[in-house]
Amino acid sequence: MNQARHDRSLSFGSQAAAYERGRPSYPPEAIDWLLPPHARDVLDLGAGTGKLTARLVERGLSVVAVDPIAEMLEVLRASLPETPALLGTAEQIPLADDSVDAVLVAQAWHWFDPERAIPELVRVLRPGGRLGLVFNTRDERLGWVKELGAIIGREDARDVVDAGVTLPAPFTGIEHHEVEWTNYLTPQALIDLVASRSYCITSPDAVRTKTLDQVRQLLATHPGLAGAGGVALPYVTVCVRATVG
């Protein structure tokens with residue numbers, strides 16, 4: 001990972017609150033598909049503010065959240081005080097060998113160094129354990145969402161999804177699944193969604209201000225958005241799962 005990309009991967013702390021307000025959760029169908037039937041102990045790796053963590057805790061699972069950004073974990077701990085939340089990275093996971101039945105990675109795989117992360121994933125997963133990757137991608141087939149994409153740029157997750165995820169041995173049985181769904185949010189939350197993107201966070205102030213102003217203009221003038229108290233943002237959630245031997 002080059003330095004600029006590394007800096008972007010660690011940029012979210014300054015916008016942790018906006019991230020929590022604006023980012024979507026994950027559809028239950030996707031989580032059902034990602035989790036193995038026997039799962040009890042689960043690691044949410046790259047957990048951020050706990051968007052996925054909360055959904056796992058609700059299922060009665062024993063969950064550990066790991067993220068490299070302290071400010072993100074502070075938000076997670078505020079909403080999930082009983083859930084262990086540890087500073088760490090995919091390349092140095094702060095868990096014991098053979099300690100979890102599943103590792104789920106939501107919206108973070110593209111920030112990992114696979115050559116260093118994959119041995120760590122294999123180390124912490126029990127034999128027969130599962131790795132599950134999940135990516136929320138905007139469905140830009142609708143006019144206003146396509147216009148939003150033109151303003152804020154391509155999603156990092158989209159590059160990974162389009163390129164396809166490959167996993168070496170000992171991972172086997174790689175499968176893919178997609179879920180179409182809609183996230184409902186306020187106009188302000190849509191602005192927070194944009195403000196929490198790494199490109200926006202790391203842009204010069206003038207560029208960041210211009211981008212957010214363009215989003216506000218879209219909200220104010222697009223026929224499908226103007227005057228609306230809520231926004232329906234369609235997503236295609238792309239899931240990948242594999243089993244470790």
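By convention here, the first residue in the shown sequence is residue 1. None of these values were measured; they are calculated from a predicted model.
- Residues Leu61 and Ala39 come closest through the heavy atom pair CD2-O, 3.4 Å.
- The shortest non-hydrogen separation linking Pro94 to Leu86 is O-CD1, 3.8 Å.
- Counted within 6.0 Å of CD on Glu82, heavy atoms from surrounding residues, nucleotides or ligands total 12 or fewer; the atom is thus considered open.
- The nearest pair of heavy atoms linking Asp67 to Gly46 is OD1-C, 3.3 Å.
- In this structure, Leu52 and Ile31 have side chains that are in contact, with non-hydrogen atoms separated by less than 4.5 Å.
- At a threshold of 4.5 Å between side-chain heavy atoms, the hydrophobic network of Ile, Leu, Val, Met, Phe, Trp and Tyr places Val134 and Phe112 in two separate groups.
- Panel note: side chain Arg138, backbone Val145; no donor-acceptor pair is recorded below 3.5 Å.
- Remark: the backbone N or O of Ala65 is not paired with any side-chain donor or acceptor of Asp44 at under 3.5 angstrom.
- In this structure, Leu125 and Phe171 have side chains that are in contact, with non-hydrogen atoms separated by less than 4.5 Å.
- Side-chain atoms of Arg59 and Pro28, non-hydrogen and from C-beta on, do get closer than 4.5 Å to each other.
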Pair up each side-chain donor or acceptor in residues 222-238 with any protein partner under 3.5 Å, not counting sequence neighbours, and list the distances.
unit_1 : atom_1 : unit_2 : atom_2 : d
His222 : ND1    : Gly224 : N      : 2.9
Thr237 : OG1    : Asn136 : OD1    : 2.5
Thr237 : OG1    : Trp181 : NE1    : 2.7

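- For the pair Thr83 and Leu56, the minimum side-chain heavy-atom distance is 4.5 Å or more.
- Contact check for Met72 versus Glu20: no side-chain heavy atoms found under the 4.5 Å cut-off.
- Arg241 places a side-chain N or O within 3.5 Å of a backbone atom of Trp33 that can act as its donor or acceptor partner.
- The environment of Gln92 atom CD is sparse: at most 12 non-hydrogen atoms of other residues, nucleotides or ligands sit within 6.0 angstrom.
- Lys210 has its side chain out of reach of Asp213: every pair of non-hydrogen atoms, C-beta onward, lies at least 4.5 Å apart.
- Side-chain contact of Thr49 with Arg23: a donor-acceptor pair under 3.5 Å is absent, judged by distance alone.
- Closest of all the heavy-atom pairs between Ala195 and Leu212 is N-CD2, 4.0 Å.
- A 6.0 Å sphere centred on CG of Asp205 holds no more than 12 heavy atoms belonging to other residues, nucleotides or ligands.
- Judged by distance alone, with hydrogens and angles left aside, the side-chain atoms of Arg130 form no donor-acceptor pair with the main-chain N or O of Thr243 at under 3.5 Å.
- In this structure a side-chain-to-backbone donor-acceptor pair under 3.5 Å is missing from Asp41 to Asp101.
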Point to revise | Pair Ile191-Gln188, side chain to side chain contact (heavy atoms under 4.5 Å, CB included): steps then yes or no | key: CA-CA 5 Å; Ile191 295 169; Gln188 180 57 50; 4.0 Å; yes

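- The residues Arg55 and Asp32 are annotated as not salt-bridged, no charged nitrogen and carboxylate oxygen being separated by less than 4.0 angstrom.
- Of the possible donor and acceptor atoms, one in the side chain of Glu120 sits under 3.5 Å from a partner among the backbone N and O of Ile93.
- The two residues Ala47 and Thr53 make their nearest non-hydrogen contact at CB-OG1, 3.7 Å.
- In this structure, the side chains of Leu148 and Val215 come closer than 4.5 Å at one or more pairs of heavy atoms.
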